[in-house]
Novice: 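First the structure, which I've put down as structure tokens, then a few questions once you've had a look.
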Amino acid sequence: MEEVNDLIKQRVQKLDDLRELDSDPYGRPFDTTHDTKVIHSQYGKLDRESLEKSPIQVTIAGRIIAMRNFGKAAFAHIQDSAGRIQVYFRKDILGKKFSIMKKLDIGDIIGLNGILFRTKTDELTVEVKGFELLTKSLRPLPEKWHGLRDIEQRYRQRYVDLIVNPEVREIVRKRSRIIKSIRDFLESRDFIEVETPMMQQIPGGATARPFITHHNALGIDLYLRIAPELYLKRLLVGGFERIFELNRNFRNEGISTKHNPEFTMLEFYIAYKDYNFLMPFTEDLFKYLAETVIGSLKIPCGDDTIDLTPPWPRIPLYDALVRKGVPEDILRDRERAFSWARQNGIAVKPEDSCGKILDEIFKEKVEPYLIQPTFIIDYPVELSPLAKRKKDNPELVERFELFIASREIVNAFSELNDPAEQKQRFQSQVEAKEKGDEEAHRMDEDYVRALEYGMPPAAGEGIGIDRLVMLLTNSASIRDVIIFPQLKPEK
RNA sequence: GGGCCGUUAGCUCAGCUGGCAGAGCAGCUGACUCUUAAUCAGCGGGUCCGGGGUUCGAAUCCCCGACGGCCCCCCA
């Protein structure tokens, strides 16, 4: 971090030289009249003659990303948040200021004004009448052809990645548009956004290992939430009928191309509906997002094209298994399921429940083939301690997961609102935990108490926003859509 | 936690069976007032990821470690 190489020394020297020339290398506010995108869209069609006839004055600011110096003139490209444009410095126009220009480096941030013209090669260019250094850059940027390729450095120094790799900036923008569009969609359907605790005394609402932290004044350990679910449903008890929360969850699990320890989740709940309502609702949401953000329902994804045109197939979990050659007689028989899984090389543990074993088989035999959007519905009850049983088949719950590109993106169910049954379900989770299942749910007495006041029948859904952004930006790794992914310390 | 691969100049990368550490870009000096991978001439720049070992000699071979990537495991 402390390395001082010649390139930095040279720039520090220039910084002193610039002060001598009365140019503040760490400047002041600078009011612009245009950004580069506006210039291109408004004047991009004007030809050389009309630009000469009625000159257009612009004042812009941005970072120098390329420079071609001549003796008494220079071309540079300036990049702002909207794009880039070429600018042209001439000694006969700038006079004394030209010597300041000579001290500029690639990476410096400048403000300038001038008039638009077209070069010999017809590139729209600003002829600089005056300019001002706004910030001197002391470190050299990566080279212009290959840019910054080193993946580690791109993640560690994302600011450099953002300067030189436009596609990264585009993902950041798209992510912002996706999140805004989700809020628009939900708010237009009368949902309100709420914020529930990130620091929880009992981490609930999901199966995962939590991060532990400590509150000094209270003298207790707290957990970073693994899900907001139980708090959001307390709000259903409290009388809110349509709520959502779009924020971070934290899970103390492995890191991979699909997992970051902190990730963004949307959860929403709607009273007086069930999971059948949520499937078309989800289709509508995804359709809206694709149309708004991508402008198409057909989106590229690796070598495939995903077609989001609804409706999407609904396949019961058991049917999905049987279709992939899983024998029907193992579905309700834990011992048979266990030995079949073992025979087929699927890692299942002796303490796993039947539902857990079927889930493992599903991940191995079915999930890889779920490229196009598919709802897998009706899960075994032991996998879903917060979901409501199916009326006609109490070993299953009213739950679906949406898979796209082999990734689980949505999990939703009809909410269990019977406090006695909820207490029992927690109880069997506690037993699983005592048997060594680290990720089993914990008992939450207050949540049961809340249900005893009466929670309306409701449906709830969670959407992994990072994976959704991956899908809509055709990104292979979650680290490409999380601006600052978690890494080990540098040294 | 396991397996495979990677780490050489600011950046992108060569460097073969072990024999003086290289190129392009970037930088510096000079020339150049329409270039856009500007051009031309010259110059500087290295903890070869770290530590051991083998060897007359290691960027190169061996061992240990760090960090990263991919694939498993776990999870969403």
Side-chain angles (χ1 to χ4, degrees), chain A residues 3-11 13-14 48 65-77 84-94 98 102 105-107 117-123 125 127 137-157 160-161 163-164 205-210 226-227 249-267 345-347 349 359-360 363-364 367 401-403 407-411 437-439 462-468 470 476-479 485 487-491:
Chain A
E3 88 272 20
V4 178
N5 64 47
D6 289 346
L7 297 175
I8 294 176
K9 276 187 200 155
Q10 284 165 7
R11 286 176 178 228
Q13 180 59 49
K14 284 182 185 171
R48 186 170 294 124
I65 51 158
M67 212 165 16
R68 292 169 294 282
N69 236 298
F70 299 80
K72 300 185 181 68
F75 287 93
H77 271 91
R84 53 184 59 173
I85 193 166
Q86 180 167 262
V87 302
Y88 181 44
F89 298 92
R90 290 174 63 110
K91 191 171 186 182
D92 56 3
I93 295 176
L94 293 165
F98 198 76
K102 289 274 192 190
D105 286 301
I106 290 170
F117 76 107
R118 281 191 183 277
T119 63
K120 269 183 194 165
T121 52
D122 226 34
E123 178 163 351
T125 301
E127 186 174 78
S137 169
L138 298 181
R139 289 178 182 266
L141 287 176
E143 64 133 317
K144 56 187 170 186
W145 306 351
H146 307 90
L148 185 61
R149 286 275 94 82
D150 182 77
I151 291 176
E152 181 174 357
Q153 198 180 341
R154 287 185 50 213
Y155 294 151
R156 284 197 197 281
Q157 296 183 258
V160 181
D161 194 25
I163 292 169
V164 300
T207 53
R209 293 204 301 268
I226 55 176
N249 288 346
F250 307 86
R251 297 188 186 175
N252 206 341
E253 309 275 0
I255 295 177
S256 78
T257 47
K258 293 183 187 128
H259 301 88
N260 195 61
E262 54 181 306
F263 64 102
T264 301
M265 180 88 127
L266 165 70
E267 284 197 15
I346 295 164
K349 287 171 276 187
D359 194 42
E360 294 298 330
K363 280 178 185 168
E364 189 74 22
E367 202 177 285
E401 293 189 328
L402 170 64
F403 291 86
R407 291 193 285 261
E408 182 198 333
I409 293 193
V410 172
N411 180 25
D437 183 352
E438 272 193 88
E439 286 156 0
I463 303 181
I465 298 302
D466 309 284
R467 290 181 179 180
L468 176 64
M470 285 169 71
S477 169
I478 200 168
R479 287 183 286 261
L487 296 177
K488 285 194 187 182
E490 223 170 317
K491 266 167 199 136

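Chain letters run A, B, ... following the sequence lines, proteins first and then strands; every chain starts at 1.
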Novice: I'd like to check the side chain to side chain donor-acceptor pair (under 3.5 Å) partners of A:N260; sequence neighbours left out, ordered by chain and number.
Specialist: none

Novice: Looking at every strand, decide which applies to A:K488 at a 4.0 Å heavy-atom threshold: base, sugar-phosphate, or nothing.
Specialist: sugar-phosphate

Novice: Which is true for A:D92 with a 4.0 Å heavy-atom rule: it touches a base, it touches only sugar-phosphate, or it touches nothing?
Specialist: base

Novice: Does the structure show a Watson-Crick or G-U wobble partner for B:U39, both distances under 3.5 Å? Name it, or say none.
Specialist: B:A31

Novice: Please state whether the phosphate of B:A76, meaning OP1 or OP2, lies under 4.0 angstrom from any side-chain nitrogen or oxygen of A:R467.
Specialist: no

Novice: State whether the distance check finds a donor on one side and an acceptor on the other, under 3.5 Å, for side chain A:R149 versus base B:U12.
Specialist: no

Novice: Which part of the nucleic acid, if any, lies within contact of A:E408, taking any heavy atom under 4.0 Å across all strands shown: a base, the sugar-phosphate backbone alone, or nothing?
Specialist: sugar-phosphate

Novice: State which residues pass side-chain contact (heavy atoms from CB on, under 4.5 Å) with A:I93; sequence neighbours excluded, sorted by chain then number.
Specialist: A:R90, A:E127, A:K129

Novice: Listing time: all N or O pairs from protein to nucleotides 69-73 of chain B that are below 3.5 Å?
Specialist:
residue : atom : partner : partner atom : Å
B:G69   : OP1  : A:R479  : NE           : 3.1
B:C70   : OP2  : A:R479  : NH2          : 2.5

Novice: Base, sugar-phosphate, or nothing: which does A:R156 touch, judged by heavy atoms less than 4.0 Å apart?
Specialist: sugar-phosphate

Novice: Considering only the C1' atoms, how many Å lie between B:G15 and B:G22, rounded to the nearest integer?
Specialist: 7 Å

Novice: Using a 4.0 Å heavy-atom cut-off, does A:F403 contact any base of the nucleic acid, only the sugar-phosphate backbone, or nothing at all?
Specialist: nothing

Novice: Taking any strand in view, what nucleotide pairs with B:G24 in a Watson-Crick or G-U wobble way, both distances under 3.5 Å?
Specialist: B:C11

Novice: With both distances kept under 3.5 Å, what pairs with B:C70, Watson-Crick or G-U wobble?
Specialist: B:G3

Novice: Take atom CG of A:N252 and atom P of B:C74, then tell me their distance rounded to the nearest Å.
Specialist: 16 Å

Novice: Please classify the nucleic acid contact of A:N69 as base, sugar-phosphate, or nothing, using heavy-atom distances under 4.0 Å.
Specialist: base

